[in-house]
Amino acid sequence: MSSTLARRAVLRAAPRARSFAAATGKQSYREQQEATIHHAAETTELWRRISFFVCLPAIAVCTLWVRNVEAEHGAHQKHLLEENGGKLPEPPAYEYLNRREAGPFPWGKNTLFFNPKVNKDMEAEE
């Protein structure tokens, strides 16, 4: 224990190197500024290359994947409409769906973003 305290005291008393900007170092201020500008230019070029060669292809791949998934979904919806005479089949009547315990909305029983092609019409249920 006492050796640890002695070691800490010696380390605290030891002179430390100055690490702030006014310290005399290997480079002058102008050389440091030029090195910083050079590093910034290299970093900018690196991120530009990453953007062009990684991000843009990734966006293109994701766009094509989503397009294919949506096309499959559209084909499935069209198939369901053809099977059921132009209307979507009635979804199962689960008790946790379309609950209106607090009463109807001020604009009616349907939600504000009601879409008759996709959502169940709560007005027709009366």
Side-chain angles (χ1 to χ4, degrees):
M1 173 88 174
S2 63
S3 63
T4 308
L5 293 175
R7 185 172 163 242
R8 284 185 187 170
V10 170
L11 289 175
R12 287 185 186 145
R16 296 187 185 127
R18 294 172 53 169
S19 62
F20 48 90
T24 56
K26 297 177 184 176
Q27 296 180 336
S28 69
Y29 176 75
R30 173 175 244 139
E31 290 171 341
Q32 289 176 352
Q33 287 298 101
E34 289 172 358
T36 301
I37 291 169
H38 178 69
H39 174 71
E42 287 177 345
T43 304
T44 301
E45 189 59 32
L46 170 71
W47 282 105
R48 181 176 288 125
R49 288 181 182 153
I50 288 173
S51 296
F52 286 133
F53 299 123
V54 176
C55 296
L56 290 178
I59 291 170
V61 167
C62 289
T63 302
L64 291 173
W65 179 75
V66 168
R67 183 184 155 273
N68 289 338
V69 168
E70 288 298 320
E72 289 175 8
H73 179 66
H76 182 249
Q77 289 289 89
K78 186 177 176 183
H79 173 72
L80 283 177
L81 289 172
E82 289 173 0
E83 271 187 348
N84 296 303
K87 289 188 176 183
L88 287 174
E90 192 67 28
Y94 298 119
E95 73 264 4
Y96 56 84
L97 292 177
N98 300 313
R99 290 173 48 178
R100 303 288 187 267
E101 292 181 9
F105 296 112
W107 52 85
K109 290 192 172 189
N110 293 320
T111 64
L112 185 60
F113 304 104
F114 174 70
N115 181 353
K117 291 182 180 178
V118 180
N119 303 114
K120 182 178 179 180
D121 189 7
M122 300 303 286
E123 297 284 340
E125 217 173 86
E126 293 176 354

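By convention here, the first residue in the shown sequence is residue 1.
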> What heavy-atom pair brings E123 and N110 nearest, and what distance separates the two atoms?
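In this case the closest contact between E123 and N110 is CG-ND2, 3.5 Å.
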
> Distance check, rounded to the nearest 0.5 Å: Q32 atom CD versus I37 atom CD1?
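It comes to 12.0 Å.
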
> According to a 4.5 Å side-chain heavy-atom criterion applied to Ile, Leu, Val, Met, Phe, Trp and Tyr, with indirect links allowed, do L112 and F105 form part of one hydrophobic cluster?
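Same cluster.
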
> State the NZ-CG distance between K120 and L88, to the nearest 0.5 angstrom.
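Answer rounded to 0.5 Å: 13.5 Å.
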
> Would you please say whether a donor-acceptor pair under 3.5 Å links the side chains of E42 and H38?
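A donor-acceptor contact under 3.5 Å links the two side chains.
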
> With a cut-off of 3.5 Å and sequence neighbours excluded, list every side-chain donor-acceptor pair involving residues 59-80.
| from | atom 1 | to | atom 2 | distance (Å) |
| --- | --- | --- | --- | --- |
| T63 | OG1 | I59 | O | 2.7 |
| N68 | ND2 | L64 | O | 3.4 |
| H79 | NE2 | E83 | OE2 | 2.9 |

> If every non-hydrogen atom of L97 is compared with every non-hydrogen atom of P92, which pair is closest and at what distance?
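The answer is CD1-O, 4.2 Å.
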
